[in-house]
Amino acid sequence: MMGSTIAKLEDRRANFKSAPLVSVLFTSFNHARYVEEALDSLRRQTCSDFEVIIIDDASTDGCADVSAAWLDRTGFQAQFIRNKTNRGICANRNTALGQASGTFVCSLSGDDAYEPERIERQLQCFLSQPEDVCAVYSDMAMVDFEGKPQGLSYLESKLNGAEPPQGRIFESLLLNNHLPAPCVMLRKSAIEAVGGYDESLFYEDFDMWLRLSFRFRFAFLPARLVRFRTHDESMSHSPRFRMAMCSSRTRILEKWLDADLGDAIRSRLLDALFWNAALQLRIDDSGGARLTFDDVVRNDHRMTRRWLARVGKLRGACTIVQLMLPIYRLIRAARIGWSARRD
């Protein structure tokens, strides 16, 4: 079965001249402890129809040297770029895209790892999709810093057991950015159509998902195809990055305030802004929270939410927010489940 799949992919490859079908955008920053495992996972892929562009973002722990030594030792073919200064994930994505020749692209961080069939299974799925599908995504296994499994998968924890949404998912993403970035394969032409990554942002995925899902459809392939590592230094888990993450999320959502979204989707957008402001208060970013609450007050026609936003701007509002968040989590979980079932 696997051999016949590879044969079909090789036949399809002929239509794309000498270019590989898939480009893997590999980024690392201070991942010396994990980067060989990540690179080994590429060498073990069941499909060989891909290229790899590696960018080390000025690591200070010797990660770039570990990667270079691994490439020399294994003879694995890859483009290798060492940044002299730290440029951030969005700039690195754009640089890697500029070097990529594949029809489809996927990403890998130096602290995560692919399952052996990751590229082959998603590529096979993508080749059967119509042109308006810009992405195929799957689930990820969560592992700790030692690589030990951590119970629920990524989507199980994000969707509370609901079915992963497919098709037009813009509205559901506003409420819950559930897409597992390391386990998404994208059509490169779609990324180019929406203008690449916004390099002014701290993180890359949510902004890209919204711009893509507003124009294109997404498909889900049921499988756990990536091992996603959680540790204290990762962008998504380290407390020192939370303020920058929340600030970028506000700016991402603000981009859609003037868009023609319809009343229902606009209400969801303002809901997302409101609760991002609440989280900013919770992490002691009161200045950022007030600016985000201002967005809600200026743009929201719902009196209850406008009133709560005004409360959120007051001194001492953090105590009120702490009381509100448990109730919100219950409401949010119910809405996510309802939205996923509807989609």
Side-chain angles (χ1 to χ4, degrees), residues 21-27 38 41-42 45-47 50 89 93 96-97 100 102-109 112-143 152-191 193-194 197 203-230 235-236 252 336-337 339-343:
L21 277 176
V22 178
S23 297
V24 178
L25 315 183
F26 186 106
T27 52
S41 75
L42 294 176
Q45 289 298 297
T46 56
C47 170
F50 66 95
I89 187 65
R93 285 281 188 270
L97 279 170
T103 303
F104 309 103
V105 298
C106 50
S107 64
L108 179 60
S109 175
D112 299 326
Y114 286 176
E115 297 296 350
E117 69 277 12
R118 184 265 161 95
I119 293 177
E120 181 179 353
R121 291 191 62 181
Q122 287 194 330
L123 180 56
Q124 181 185 21
C125 178
F126 225 142
L127 293 176
S128 68
Q129 300 294 327
E131 289 293 320
D132 68 337
V133 171
C134 73
V136 170
Y137 75 98
S138 300
D139 201 356
M140 306 188 299
M142 309 289 285
V143 300
L152 295 178
S153 72
Y154 183 88
L155 288 178
E156 287 170 346
S157 63
K158 278 284 188 177
L159 297 175
N160 298 295
E163 289 294 317
Q166 300 190 74
R168 301 290 180 178
I169 65 173
F170 177 84
E171 185 176 355
S172 63
L173 282 173
L174 285 174
L175 184 65
N176 181 32
N177 178 19
H178 72 277
L179 289 176
C183 211
V184 180
M185 183 176 286
L186 295 165
R187 197 181 298 275
K188 185 186 176 189
S189 61
I191 302 174
V194 300
Y197 292 93
Y203 68 108
E204 85 290 3
D205 57 347
F206 185 45
D207 180 58
M208 180 58 66
W209 303 153
L210 290 180
R211 286 188 282 143
L212 286 173
S213 63
F214 193 69
R215 294 181 56 176
F216 302 100
R217 296 193 300 127
F218 282 61
F220 175 67
L221 173 66
R224 296 185 188 183
L225 298 179
V226 170
R227 297 188 301 280
F228 179 73
R229 196 183 307 273
T230 60
M235 284 177 57
S236 56
I252 291 165
I336 290 170
S339 177
R341 286 191 293 272
R342 186 192 64 179
D343 294 337

Check your understanding: For Leu221, does its backbone N or O pair with a side-chain atom of Arg121 as donor and acceptor, under 3.5 Å?
Key -> no

Exercise for review: Spell out, as yes or no, whether a donor-acceptor pair under 3.5 Å connects the side chain of Ser153 to the backbone of Glu156.
Suggested key: yes

Study note, to complete from the structure: Value for CG (Asp112) from CZ (Arg227), rounded to nearest 0.5 Å, stands at 9.5 Å

Review point. If you look at every heavy atom in Leu186 and Phe126, which pair is closest and at what distance?
Key: C-CE1, 3.9 Å

Check your understanding: Shortest non-hydrogen contact from Arg215 to Ala193?
Key -> NH1-O, 3.1 Å

**Study point:** Value rounded to 0.5 Å, distance of CG in Leu108 from OG1 in Thr27
**Key:** 7.5 Å

Point to revise | Any donor-acceptor N/O pair, Gln166 side chain to Phe220 backbone, under 3.5 Å | key: yes

Exercise for review: May I ask you to decide if Lys158's main-chain N or O and Asn176's side chain share a donor-acceptor pair within less than 3.5 Å?
Suggested key: yes

**Study point:** Intermediate values then yes/no, side chain to side chain contact (heavy atoms under 4.5 Å, CB included), Leu127 and Phe104
**Key:** CA-CA 10 Å; Leu127 293 176; Phe104 309 103; 3.9 Å; yes

Check your understanding: Which atom names give the shortest non-hydrogen contact between Pro165 and Leu159, and what distance separates them?
Key -> CD-CD1, 4.1 Å

Review point. How many angstroms lie between atom CG of Leu212 and atom CG of Leu179, to the nearest 0.5 angstrom?
Key: 9.5 Å

Check your understanding: Is Cys47 close to Leu123 at the side-chain level, that is, under 4.5 Å between some pair of heavy atoms?
Key -> yes

Check your understanding: Are any of the side-chain heavy atoms of Cys134 and Phe218 separated by less than 4.5 Å?
Key -> yes

Point to revise | Non-hydrogen side-chain atoms of Ile252 and Trp209 separated by less than 4.5 Å | key: no

Check your understanding: Atom CE of Met185 and atom OG of Ser138: how far apart are they, to the nearest 0.5 Å?
Key -> 9.0 Å

**Study point:** Main-chain N/O of Ala100 paired to Lys188 side chain as donor or acceptor, under 3.5 Å
**Key:** yes

Review point. If only atom types and distance count, is the side chain of Gln124 paired as donor or acceptor with the main-chain N or O of Ile119 below 3.5 Å?
Key: no

Check your understanding: If we only count heavy atoms from C-beta on, is the Leu42 to Tyr114 side-chain gap below 4.5 Å?
Key -> yes

**Study point:** pair Leu152-Met142: side-chain heavy atoms closer than 4.5 Å
**Key:** no

Practice item. May I have the step-by-step check of side chain to side chain contact (heavy atoms under 4.5 Å, CB included) for Cys106 and Arg118, ending in yes or no? Key: CA-CA 10 Å; Cys106 50; Arg118 184 265 161 95; 3.5 Å; yes

Check your understanding: Is a side-chain N or O of Arg187 found less than 3.5 angstrom from the main chain of Val133, in a donor-acceptor match?
Key -> yes

Exercise for review: Look only at the side chain of Gln122 and the backbone of Cys183, and say whether a donor-acceptor pair between them is shorter than 3.5 Å.
Suggested key: yes

Practice item. Working to the nearest 0.5 Å, report the span between CG of Leu173 and CZ of Arg168. Key: 12.5 Å

Revision key, fill the gap. When rounded to the nearest 0.5 Å, the distance separating CG of Leu174 from CZ of Phe214 is 10.0 Å

Point to revise | Residue from Tyr137, Tyr154, Phe228 passing side chain to side chain contact (heavy atoms under 4.5 Å, CB included) with Pro182 | key: Phe228

Check your understanding: Any side-chain heavy-atom pair from Gln45 and Glu120 closer than 4.5 angstrom?
Key -> no

